[in-house]
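These notes concern the structure reproduced below.
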Amino acid sequence: MSKFYLTTAIDYSNGDPHLGHALEKVGADCIARYRRLRGDDVHFLMGMDEHSQAVLQAAEQNGSSPQEWVDRMAERFEDFWRRLDCSHDDWIRTTEARHREGVTALLELIRSRNPDDLFAGEYEGLYCIGCEEFKQPAQIVDGHCIEHPTLELIPTRERNHFFRLSRYRDPLLERIRSGELRVEPAIRRNEMVRLLEDGLQDISVSRQRLAWGIPFPGDPEQTVYVW
Ligand SMILES: [Zn+2]
């Protein structure tokens, strides 16, 4: 018997569930059921992604507090998955205390093992509130985000905490090439190797102006991005 962990994407609480969500959940449910029949020790997770600017806006537009709004959405999504008889073993919501504790513990562990991996920096660029991230020139067409052509990009300068992802390029490449880390199928493995060969940028892991989120350990003015 081998252990098998499977998670679906956890869904954004900013709109109703639709067929696209159902397609993914039913597919994952088939894999989980097949693995259980084979005798594997399966842990199948589903849940809700509840912290984001988009969720805050949806709550405001509907005249609810963010917590009331995500509670209502979680109930609606869970009811759908019950009706489709999904066999998930756990249901996680990112506003739950156990999730908040896990995120905080992870960041504190990174800081204690490699203090240099988390650092504060200024970020200046064009921010898309649809994507909730700064856009790079290749992602901008005619002055708008490729994915959100009807939204205005906002010139923004803010202080963020960054994770030194660039440091992990070589160790990751080495582990994937040696087979110690397996990425399947081969087409995805090659995609990952190409991405690593192009180099990795340090990534912003906090937001300054977003109160609806998990406080960044040691800096209450910032919330953790994107959990
Ligand atoms: Zn966008």
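FYI, the numbering just counts along the sequence from 1. Computed from a predicted model, the values in this text were never measured in an experiment. We use all heavy atoms of the structure for the numbers below, so side chains are in, but hydrogens, waters and symmetry mates are not. Indexing begins at 1, ligand by ligand and atom by atom, following the structure's order.
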Fill in: In the protein, N/O/S atoms that are found under 2.8 Å from the Zn ion (ligand 1), waters not counted
C128 SG, C131 SG, C145 SG, H148 ND1
Worksheet entry | Residues which pass side chain to side chain contact (heavy atoms under 4.5 Å, CB included) with T223, listed by chain and number, not counting sequence neighbours | R207, L210
Residues 106-115 side chain polar contacts: donor-acceptor under 3.5 Å, at least two apart:
unit_1: R111; atom_1: NH1; unit_2: P217; atom_2: O; d: 3.1
unit_1: R111; atom_1: NH2; unit_2: P217; atom_2: O; d: 3.4
unit_1: S112; atom_1: OG; unit_2: E108; atom_2: O; d: 3.4
unit_1: S112; atom_1: OG; unit_2: L109; atom_2: O; d: 3.0
unit_1: N114; atom_1: ND2; unit_2: Y168; atom_2: OH; d: 3.4

Discussion item. Which Ile, Leu, Val, Met, Phe, Trp or Tyr residues join Y127 in one cluster when any pair of side-chain heavy atoms under 4.5 Å counts as a link?
Written reply: F119, Y123, I129, F134, L151, I154, F162
Worksheet item: Would you call E50 and R93 a salt bridge, taking side-chain N to carboxylate O under 4.0 Å as the test?
Response: yes
Worksheet item: Are V42 and W91 connected, step by step, through hydrophobic side chains (Ile, Leu, Val, Met, Phe, Trp, Tyr) whose heavy atoms are closer than 4.5 Å?
Response: yes
Fill in: Pair E191 + R189: basic N to acidic O under 4.0 Å
no
